[in-house]
**Q** 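The structure is given below, and queries will be raised subsequently.
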Amino acid sequence: MKWPAFAYVRASTLDEVWRLQAQHGEGARVLAGGQTLLATLAFRLSEPDVLVDITRIAALRGISVQGGRLRIGALTRHAELGRDPLVAQHAKLLAEAVPFIAHPAIRNRGTIGGSLAYADPAAELPSCVVALDATLVLVSARGERRVATRDFFTGLLQTALEPGELIAAIEVPLPDASRRSAIVEVARRSGDYAMAGLAVALSLDTGMRVSAPRLVYFGVGNGPVSAARAAAALEGRALGAESIAAAQAALAGDLDPPADLHGPPAMKLHLARVLTARALQRFLPATEIAA
Amino acid sequence: MNEIPTPENIGLSREDLPNSYIGRSVPRPNLPKLVQGLASYTDDVTLPRMVHAAFLRSPHAHARIVKVDSAAALAVPGVLRVFTGADLAKVCDPWVATLDHLKGMKSAPQHPLPLERATWQGEPVVAVIAESRAAAEDGVAALAVEWEPLPAQLDMETALAPGAVLIHPALGDNLVFTRTATKGDVEAAMAAAHKVVEATFVTGRHTGVTLEPRSIIADYNRADGTLTAHHSTQAPHMMQGVFAKQLRMEEGQVRVICKDVGGSFGIKVHVYPDEVAVAAIAKVMGRPVKFVADRFESFVSDIHARDHRLKGRIAVDAEGKILAFDIDDLTGIGPYSVYPRTSAVEGNQVVNLCGGPYDFANYRCTTTVVLQNKTPTCQYRAVGHPIATAVTEGLVDLAAEALGMDPIEIRRRNLIRDDAYPYTSPPGMRFEGLSHHAALEKLLAMVPVAKIRADQEAQRKKGVYRGLGFASFIELTNPSPFMYGLGGARISAQDGATVRMDPDGSVVVLSGVTEQGQGTEGILRQIVAHGVGVALERVKVVTGDTQTTPYGGGTWACRGAGIGGEAALQSAIALKQQILVVAGAMLQAAPESLDIVLGQVVDKATGRERMPLGELGRILYFRGDTLPKDLPRELVQTRHFITKEYPFAFTNGIQACWAEVDAETGLVTVLEHWCVEDCGRVINPLLVDEQVRGGIVQGLGGALYEHCVYDGQGNLLTTTMADYLVPMSAEMPDIHVGHVETPTRESLLGAKGAGEAGTAGAPAALMNAINDALRPLGARVTEQPFTPACILQALGKI
């Protein structure tokens, strides 16, 4: 299908964005990487009056460490996320998520801000930022505010973004040495949206005792799903076959997956349990995995 | 027979036999333009005064069209006209897709746009014509159509049951066609057998995803009363006849031009209502009209295929000898049989092909072809073959398991002997010469079975489940008029080629077969260069124009090489003889003492160069006054070829698949795949190998990923490339291809088809590999596609 007719403006500052929003109201749509928006235009699911291209706005770019936090500009493309040394050092989970995101052509264009704002329930990055307990910096003509990622995703393709608001950056707390993370997923083909996936972060002391575990599933609900019961099953216990089995069992109370083209809810719950074991076993010493 | 000089049969190396191109892996001529983006697809063609079509498609699986209000659409800037079914019925006749030799077959008249009811979700209902495709889509969005939704008949299992929704009440029921083939006494064989095993198999509804979607520009010229269609099609001459008949014109008034085509796989050999609508609209408007299906339209309107449920039984004796096959096939084909090949052929092929590789006496196979409110199905790559092979090879493996016999051994005991030909199969297929045992032995030389079995054992101990599966197959190629012509369809089984030499000594071949990316033009060039005696680069190939090429059937059913190639070879040889007559007059030598080697006339005995063809051409074309008055001047020859002895040239082969099943996630990884096939003479090993590999990938796609999924209301859910999963390179294994060559004696060239062998056997080989992997877990799968959900269910995990 062909896109509907619309106007296109490239904004070079946030002020310009606010001005265009004031001028066009709801008819203005922000264009960043375009990996979702352009497809919805082609399907005519979206008929904006004007696309406001924000990709040249310097304030939304760049990766830096500021005040004990890793700040990732919303326009950071997936490919950049995957090769950035600061991300590799302080938020390895995000770098490890990148190869799972679609294909190179999409990773070269898609942005982290776009992925979080769209909030696809099967996308990797929303679960990763929740697992990392990151905070989003949101900007609008009214000013700037911060929202914890655990409060940001509010429903199917729904977020805490208010009309006219943009994601400016993602702030990730710098982890201490005990913090570990992993991402695992099951997809039919490499690059496909996951049938089920899990981003996990936790701390392990020298006795392999778990603290502050965050298990965030994707592809199994309306958005990133934090598994509180499974986390509780791990908290304070030594990581091992028993605690992993307890976390797997607890998942039934955490997840209520919908059916989709790939299979019934029971399959998604089963896959989430398989992924739970596969992710957590990565943190075990090699000898224990073999056993 | 088959006496073409090749390096092998005259004991020379390739380097020693100049212009010996048949049998060599030479590059094809159109590759540079394809990879440089310089090809000319239908959408690249822009004509003066051209307008664009977009279609409103039915949002319902079955609904009455109460009212179409086009006022708002006509007010959209750029929109020129709106056409309904009633508008087009004034200028275009409906068609009924039946074949006379498929006894009792029935279907309903189909119009380019329906008159009263839409019968599948995605059926084109209203056409909007505008100055651009975007404006035409704006017009479609502005159409107001009032629908009365009707109950839909979706499940093929209930299509013939009392209370089924009658899709075409005038037909009386939803039965399109049924046929039973029987041989021997199946019941007696089953009763007396050592073991009888049975299973139900399902092949998933899927489609052929061409990179270039269906495309057409129809241009009606009122000044001379001709219709020119630029069309992405496999069969230009067939479409010429179709457009002429439906639009009440003479065939001679219609020209179909088919330039580069970006894939076909059988998808582009059918008559599509939206394409005929475009031709009819062009005739009404007197302007060129372009329609290019977008991907969403492709999924809901390109033909689907393979929607079958088969119940099968096999009987074996204590030594593993197959005594009988008993198979019941049911297929749903959508609301219309597709014109002109019909949608009964796939089921009919299942009846013809089940048990095909094996020597057994008792056979019963029934196909039942029913209507349903889904996208029409029709012929897609390897029509019926992967279905028949899956049920046959699935049953053979089950029998081996019941006997505790190795799957290779049961095949060795039952494959038709290589010296048994000619041979007639239980359903009546005649085989001229096959090589099942030679192919099996060659496969076993390629597949490290002992190493694989050892690895399988070792991996199982670690909880890793791997399996090795085999599938023998036969493939129907080079069809005679028995396929379609006998049934009354104007689908040509013969094909022609014209070969000429121009003044500079270059050669042009015009052929009725067509090119869709597989390399048809590449092999025609090789054959003609070989036959005339010129370098490859001196041959130009012209295909895809009904006005310039000899009348032919086009490229489908694996006929391009075997039929079109033979016509080209015969014309090339005839041209060479004629050139030598002219050369003999010029050189005062007996023509039979001369030869042509790499564009030079030479003395046959010594190889001494006598005259370049360019010089011969200069004299013949510009100084003909210097030649004897009675010398024939035509350096042009046309030959047509049709098979006469056998209705089809069957080929054969065997595939092996080595796969791993993740018993926790249900994911299947194909580790390695092998195929040995016998397509007769191999003209270009590189192209044949790639045809086999591509075919295997398409077969694995259908077995693992590709699935047209409908909801309970008949809405197709898989309408994007994110939902309809095609096999991608990352998931595909290394594929090893080997050949046995049993040339057909029907032609000098000896070539049979090679394009469908991969697809025919791959799903069965994979299914058997998966079941070999799952065997220690007590699970088995027989319903394609083998998705994680399907495997987890078989394992009892969900």
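In what follows, every heavy atom counts, from backbone to side chain, and hydrogens, waters and symmetry copies are set aside. Worth saying up front: this structure is predicted, and the values here are computed from it rather than measured. Naming: A, B, ... by sequence-line order, numbering from 1 per chain.
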**Q** Measure A:Arg273 against the heavy atoms of chain B and call it side chain, backbone, both or neither at under 4.5 Å.
**A**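 Contact with chain B: none, neither part.
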**Q** What distance do B:Asp138 atom CG and A:Lys2 atom NZ have between them, rounded to the nearest 0.5 Å?
**A**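 Spacing of CG (B:Asp138) from NZ (A:Lys2) equals 12.5 Å.
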**Q** Using 30° and 60° as the class limits, which term best fits the ring planes of B:Tyr724 and B:Phe299: parallel, tilted or perpendicular?
**A**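 It falls in the tilted class, 30° to 60°.
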**Q** Heavy-atom pairs under 4.5 Å with chain A - which of B:Leu717, B:Leu725, B:Leu667 has more of them than the others?
**A** B:Leu725
**Q** Check each atom of B:Met732 against the heavy atoms of chain A and say whether the ones under 4.5 Å are side chain, backbone, both or neither.
**A**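 Neither; nothing under 4.5 Å.
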**Q** Just one of B:Thr375, B:Thr718, B:Asn715 clears the side-chain hydrogen bond (donor to acceptor under 3.5 Å, both in side chains) bar with B:Tyr710, so which one?
**A**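 Output: one option passes, namely B:Thr375.
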**Q** Considering only heavy atoms and a distance below 4.5 Å, find which of B:Glu664, B:Glu731, B:Glu137 pairs most often with chain A.
**A**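 Maximum pair count with chain A is reached by B:Glu137.
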**Q** Using the side chain to side chain contact (heavy atoms under 4.5 Å, CB included) rule, pick out the option among B:Asp43, B:Ile129, B:Val45 that qualifies with B:Lys290.
**A**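 Going through B:Asp43, B:Ile129, B:Val45 one by one, the side chain to side chain contact (heavy atoms under 4.5 Å, CB included) with B:Lys290 is satisfied by B:Asp43 alone.
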**Q** Sort A:Ala277 into side chain, backbone, both or neither according to what part of it lies under 4.5 angstrom from a heavy atom of chain B.
**A**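 Contact with chain B is absent: no heavy atom of A:Ala277 under 4.5 Å.
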**Q** So which of B:Val668, B:Val726, B:Leu704 has the largest heavy-atom pair count under 4.5 angstrom toward chain A?
**A** B:Val726
**Q** With a 4.5 angstrom heavy-atom cut-off, could you sort out which part of A:His270 is near chain B: side chain, backbone, both or neither?
**A** side chain
**Q** Is A:Arg282 salt-bridged to A:Glu96, cutoff N-O under 4.0 Å?
**A** no
**Q** Kindly say whether A:Met1 contributes a backbone atom to a donor-acceptor pair with the side chain of B:Asp294 at under 3.5 angstrom?
**A**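 Side chain of B:Asp294 to backbone of A:Met1: a pair is present.
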**Q** In Å, rounded to the nearest 0.5 Å, how long is the span from CE of B:Met728 to OH of B:Tyr705?
**A** 10.0 Å
**Q** With a 4.5 angstrom heavy-atom cut-off, which part of B:Ser132 approaches chain A: side chain, backbone, both or neither?
**A** neither
**Q** Heavy-atom cut-off 4.5 Å, strictly under: side chain, backbone, both or neither for B:Asp711 against chain A?
**A**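 It is neither, since no heavy atom gets under 4.5 Å.
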**Q** Checking A:Tyr193 against chain B: side chain, backbone, both or neither under 4.5 Å from a heavy atom?
**A**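 Nothing of A:Tyr193, per the 4.5 Å heavy-atom cut-off to chain B.
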